[in-house]
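Values below: every heavy atom of this structure, side chains too, minus hydrogens, waters and symmetry copies. The chains referred to below are lettered A, B, ... by the order of the sequence lines, with proteins before strands, and numbering in each begins at 1.
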Amino acid sequence: MSDSSESQRPRLPDKPALEGLETKWNDRWSAQGTYRFDRARTRDGVYAIDTPPPTVSGSLHIGHVFSFTHTDVVARFQRMRGKAVFYPMGWDDNGLPTERRVQNYYGVRCDPSLPYDASFQPPDKPAKPPLSVSRPNFIELCNRLTHEDEKVFEALWRYLGLSVDWSMTYATIGKRAQRASQTSFLRLLKRGIAYQLEAPTLWDIDFRTAVAQAELEDRELPGAYHRIAFARPDGPSTALGASGHVEIETTRPELIPACVALVAHPDDERYKPLFGTSVITPLFGVEVPVKAHSLADPAKGSGIAMICTFGDITDVTWWRELSLPVRAIVQPNGTLRPVTWGTPGWESRDAARAQAHYDQLANLSTARAQPRIVEMLKESGSLIGEPRPITHPVKFYEKGDRPLEIVTSRQWFLKTTDFREELLARGSELKWHPDYMRYRYENWVNGLAGDWCISRQRFFGVPFPLWYPLRADGSIDYDRPLFPDEAQLPIDPSTDTPAGYSPAQRGAPNGFIGDPDVMDTWATSSLTPQIAGGWLDDPDLFARVFPMDLRPQAHDIIRTWLFDTVLRAELAHQSLPWSHTAISGFVVDPDRKKMSKSKGNVVTPMALLEEHGSDGVRYWAARGGPGTDTTFDPGQMKVGRRLAMKLLNASRFALMADEPRGAITEPLDRGMLSSLATLVDEATSGLEEYDYTRALERTERFFWSFCDDYLELVKARRYGDFGMAGAASANSAMLVALSTLLRLFAPFLPFVTEEVWSWWQSGSVHQAAWPTASEVVQAIGGADPDAAAILAATSNALAEVRRVKSTLKKPTKSVITKAVLSKQVQGLEPAARDFQAATHIRELRFDAVEEPQLEFEEPAPQESRG
RNA sequence: GGGCGGUUAGCUCAGUGGUAGAGCACCGGCUUUACACGCCGGCUGUCGGGGGUUCGAUACCCUCACCGCCCACCA
């Protein structure tokens with residue numbers, strides 16, 4: 001705030017308005033580089049934000065507007081405090097959602113066996129049936145469509161007023177991201193932290209890909225308990241004698257052909273005699289052992305369970321720990337694979353009967369096989385009673401439509417469980433806002449069930465950067481992979497050729513073949529601090545921003561994005577990726593439901609911004625505190641807009657007569673500034689602690705009483721009714737207050753504050769220094785608590801008089817010839833002149849009265865009602 | 001089953017060991033030279049239930065209920 005800037009004559013509009021401010025100021029900020037990151041600054045002068053890259057395959061919704069506003073408030077506050085704010089935007093255009101959108105949008109499907117067609121152009125309308133295109137062509141379409149989406153997103157973010165440095169934008173499918181992701185992977189592979197394994201894996205049968213533990217969710221589905229008899233080998237072969245069979249209960253009878261054992265708890269007296277013996281599976285006549293394992297729950301079902309390869313995760317645990325054989329029947333597409341009974345691994349006491357039964361199930365989906373096998377079980381007498389319907393939680397891929405299966409396949413993993421202690425330590429080192437969100441992280445780390453499966457059998461993603469040699473017989477030698485040099489990265493092994501081979505050797509005996517998989521999208525987005533910060537490409541930048549200050553994100557992805565990012569930083573840098581994380585809540589509709597398209601309660605953000613103004617919408621968003629689910633409430637947006645409007649008009653009032661100026665001597669002026677200094681401290685400490693809601697609420701409350709009480713009380717004096725010195729005191733105080741309040745509101749209402757600032761200041765309010773209490777009280781030579789008390793007493797007295805006038809239905813302007821006020825508001829005497837002018841009181845006294853005693857001037861006799 | 005958060009005015013939400021708050025809504029009033037996208041005033045509560053600590057609890061402790069979310073090996 002230099003003297004030269006304040007000496008400008010204010011340029012005031014006759015009728016200030018909010019319309020058009022978004023476009024006007026975005027153009028200026030863009031042209032002037034207002035939010036450009038100053039990369040000359042060293043780490044301690046930088047505030048770095050690891051912005052969540054929105055998924056561009058969808059559309060931005062009100063929840064994005066909500067949480068990104070919170071981050072922007074913090075960014076603007078830190079910038080005004082003098083930090084160089086590193087605030088890039090990222091686009092998450094990598095992964096399944098994009099694939100799905102591209103398939104539908106263009107009517108194409110990826111066929112990795114096709115060669116690249118350089119002249120390919122997508123059809124104008126979605127093709128039916130879908131066109132098959134090569135993987136490189138498919139990826140081109142993904143890039144083309146996401147680029148369009150990104151332009152729309154950027155326009156919305158700018159309109160909302162995010163103070164992002166748009167020159168630093170990155171994409172999770174971009175070259176930088178691919179290079180970071182592939183480099184990190186190869187380094188982890190060398191250290192033995194990444195590894196490949198053929199093992200039972202959670203599998204989505206529609207997407208035909210492996211998925212990770214973190215991407216699971218439970219859904220309640222109807223099902224049924226089926227009570228099924230397994231015959232004892234020494235018992236009657238078909239009849240169900242009293243001790244001739246064992247009864248299990250299962251919700252998945254279609255997996256009986258995959259049964260490899262029964263299991264009960266080691267202490268379960270009912271089944272102890274059976275341990276070490278075997279039973280015969282119904283329909284298929286397979287002899288399977290009865291085993292003991294502590295995970296078996298005596299209280300569940302009949303207390304003894306069948307182990308199948310594989311019905312659920314527990315089956316996998318039992319299978320591994322009890323060293324059972326594999327008898328897998330579910331194929332990657334979710335159907336039962338044909339089996340020849342009587343061959344090795346499929347031995348049966350009656351192979352012909354087994355085959356006859358199984359032929360009725362082969363190639364059916366598990367869902368369709370179930371009723372079929374139930375009929376057969378009934379016919380054979382192995383089903384005891386009727387199935388008992390239940391609803392039970394079933395594991396789904398969070399983006400999937402059908403229950404997950406477990407399929408054995410070759411996958412890449414990152415070790416996680418080996419680092420549990422380190423990860424817990426990082427979690428407690430991290431500062432969480434709100435603090436209780438840390439429990440979700442700890443909960444997750446403590447519950448890690450296995451390492452992180454990072455490979456996906458998909459097309460649009462970062463490829464695994466390696467190849468495998470082919471043996472003379474054409475089989476793949478997985479044990480001797482071929483690696484590129486780090487300097488070559490990023491590569492695509494489906495088109496690039498490993499050193500020492502020619503392209504013609506791809507797929508040929510003694511040749512090579514690329515790893516077909518792509519990485520889980522989280523395996524790349526867990527490197528956003530490294531990607532955005534220039535880890536490999538720009539080490540100088542990286543040193544200035546990493547570890548970053550803030551990770552803002554929503555609570556539903558603590559187990560994925562937050563956890564994964566902490567893991568990757570621990571593995572690569574032995575540090576936290578950032579010192580703080582701010583967790584935002586969801587936007588819910590007034591019925592407490594999450595806003596969703598299917599409920600028809602979705603509103604497009606741009607329409608809201610246009611209706612209520614960006615400042616109005618930001619006000620609503622900023623009222624939702626960290627971690628708090630917040631109701632979608634257009635009413636609050638209207639309140640925000642009203643606040644912005646009030647800021648325009650109050651500012652106009654303060655600036656319309658800014659002369660004369662002089663010493664701030666009047667008690668009300670001094671009291672107002674004294675209180676303002678207290679407010680500055682409160683707002684500052686709120687924002688420092690990421691409690692932007694408190695800062696806004698306090699500032700807003702001060703501002704309204706500043707308008708309603710203070711400005712009304714000093715209006716007459718300010719207009720010169722009591723001479724030049726009194727007017728000068730008011731004017732000077734108002735200018736200090738206005739400058740301070742505009743800066744306090746600037747992070748929340750960037751458009752209206754910038755507009756008003758431009759009336760009388762040079763430069764951007766968003767580059768102005770954050771106010772300090774000492775700066776405010778400097779204008780009155782130090783804090784003046786006595787004056788603050790006088791202002792409080794005067795405001796209270798004003799309220800008393802207003803109440804009486806209102807009760808008596810007197811016009812506000814009506815003159816009071818004589819007023820007796822209660823002694824409780826007596827402290828106002830030093831401001832009596834201002835007070836009497838504002839209330840039109842001619843003669844003022846104080847006495848022990850409960851209610852103010854007011855005598856009104858007789859109305860003028862000519863008054864008439866017409 | 002484990003964990004976390006919530007329960008305050010009709011609605012949306014602040015809040016503090018010492019007389020219950022704001023905005024919206026509602027009702028009434030005011031052409032007042034910054035603002036009718038305004039101003040002034042009013043109405044509304046067993047602060048979820050029950051126990052405990054305390055001179056005093058909406059706040060602290062225990063417990064229960066309900067709502068929401070996270071996690072879990074759910075045969």
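- Distance from the side chain of A:Asp218 is smallest to B:A72 among B:C70, B:A72, B:C35.
- Among the protein residues, A:Glu712 comes within range of the nucleic acid bases, having at least one heavy atom under 4.0 Å from a base atom.
- The phosphate of B:G28 has neither OP1 nor OP2 within less than 4.0 Å of any side-chain N or O from A:Ser806.
- Screening A:Trp561, A:Tyr439, A:Phe586 against A:His555 for a ring-ring contact (aromatic ring centres under 6.0 Å, His included) leaves a single residue, A:Phe586.
- In this model, the phosphate group of B:C13 is not approached by any side-chain N or O of A:Arg623 to a distance below 4.0 Å at OP1 or OP2.
- The side chain of A:Glu249 approaches B:A75 more closely than any other nucleotide in the set B:G3, B:C37, B:A75.
- B:C37 and B:C43 have their P atoms separated by 28 Å, given to the nearest Å.
- Pair assignment for B:U12 gives B:A22, based on Watson-Crick or G-U wobble hydrogen-bonding distances that are each under 3.5 Å.
- The A:Asp297 side chain lies nearest to B:A75 when the options are B:A75, B:U12, B:A72.
- Residue A:Val639 has its side chain nearest to B:C24 when only B:C37, B:C24, B:A75 are considered.
- Cation-pi geometry between A:Arg717 and A:Phe722 is not satisfied (NZ or CZ under 6.0 Å from the ring centre, within 45° of the ring normal).
- Residue-level contact check: A:Ile313 touches neither bases nor backbone, having no heavy atom under 4.0 Å from any strand.
- Residue-level contact check: A:Asp708 touches the backbone only, with heavy atoms under 4.0 Å from sugar-phosphate atoms and none from bases.
- What separates NZ of A:Lys810 from C1' of B:G28 is a distance of 16 Å, to the nearest Å.
- Using a 4.0 Å heavy-atom cutoff across all strands shown, A:Ala296 reaches at least one base atom of the nucleic acid.
- When both pairing distances are held under 3.5 Å, B:G68 makes a Watson-Crick or G-U pair with B:C4.
- Residue contacts shown for A:Lys715 include a base, since a base heavy atom lies under 4.0 Å away.
- Comparing B:U44 with B:G6, their C1' atoms sit 24 Å apart, to the nearest whole Å.
- Taking only side-chain atoms of A:Asn649, from C-beta outward, the nucleotide of B:C35, B:A75, B:C40 with the closest atom is B:C35.
- The minimum heavy-atom distance linking A:Leu295 with A:Trp318 is given by the pair CB-NE1, 3.5 Å.
- The phosphate of B:G42 has OP1 or OP2 within less than 4.0 Å of a side-chain N or O from A:Arg803.
- B:G45 and B:G15 have their C1' atoms separated by 15 Å, given to the nearest Å.
- Judged by distance alone, with hydrogens and angles left aside, A:Lys646 brings a side-chain donor or acceptor within reach of the base of B:C35, the pair sitting under 3.5 Å.
- Residue A:Arg642 has no polar side-chain atom (N or O) positioned under 4.0 Å from OP1 or OP2 of B:A36.
- With the nearest nucleotide of RNA chain B identified for both A:Leu216 and A:Glu19, A:Glu19 has the one nearer the 5' end.
- Within the 4.0 angstrom heavy-atom criterion, no nucleotide atom of any strand lies near A:Cys308.
- Distance check on atom P: B:G48 versus B:C11 gives 14 Å, rounded to whole Å.
- The base of B:U12 lies outside donor-acceptor range of the side chain of A:Thr631, with no N or O pair under 3.5 Å.
- Nucleotides B:G18 and B:G10 have their C1' atoms positioned 30 Å apart, rounded to a whole Å.
- The CZ atom of A:Arg802 lies 8.5 Å from the OG1 atom of A:Thr812; values are rounded to the nearest 0.5 Å.
- B:A59 is unpaired under the criterion used here, namely a Watson-Crick or G-U wobble arrangement in which both key atom distances are under 3.5 Å.
- The partner of B:C30 is B:G38, judged by Watson-Crick or G-U wobble contacts that both fall below 3.5 Å.
- Among the nucleotides B:A72, B:C39, B:C71, the one closest to any side-chain atom of A:Arg559 is B:C71.
- The side-chain tip of A:Lys638 does not point at the ring of A:Tyr619 from less than 6.0 angstrom away and within 45° of straight on.
- B:C47 and B:U19: their C1' atoms are spaced 15 Å apart (whole Å).
- Side-chain N/O atoms of A:Gln213 include none lying less than 4.0 angstrom from OP1 or OP2 on B:C71.
- Of the candidates B:A75, B:C73, B:A14, B:A14 carries the atom nearest the A:Thr628 side chain, counting heavy atoms from C-beta on.
- Relative ring orientation between A:Phe703 and A:Phe745 is described as perpendicular, the plane-to-plane angle rising above 60° on a 0-90° scale split at 30° and 60°.
- Proximity note for A:Lys300 (side chain, C-beta onward) versus B:A75, B:C71, B:C69: the nearest is B:A75.
- Counting non-hydrogen atoms under 4.0 angstrom, A:Lys809 reaches the backbone sugars and phosphates but no base.
- Ion pairing of A:Arg559 with A:Glu215 is absent here, as no side-chain N (NZ or NE/NH1/NH2) approaches a carboxylate O to less than 4.0 Å.
- Considering all non-hydrogen atoms of both residues, A:Leu643 and A:Trp704 come closest at CD1-NE1, 3.9 Å.
- One finds a side-chain N or O of A:Lys15 lying less than 4.0 angstrom from the OP1 or OP2 phosphate oxygen of B:A36.
- Considering only side-chain atoms of A:Tyr436, the nucleotide from B:A75, B:C4, B:G23 that sits closest is B:C4.
- A sub-4.0 Å separation between OP1 or OP2 of B:A75 and a side-chain N or O of A:His226 is absent.
- Ranking B:G41, B:A75, B:C73 by closeness to the A:Tyr225 side chain, first place goes to B:A75.
- Contact annotation: A:Lys813 side-chain N/O to B:U32 OP1/OP2 distance is under 4.0 Å.
- B:U32 atom P lies 20 Å from atom CZ of A:Arg718, rounded to whole Å.
- When the nearest nucleotides of RNA chain B are assigned to A:Leu711 and A:Ile390 by heavy-atom distance, the more 5′-ward of the two goes with A:Leu711.
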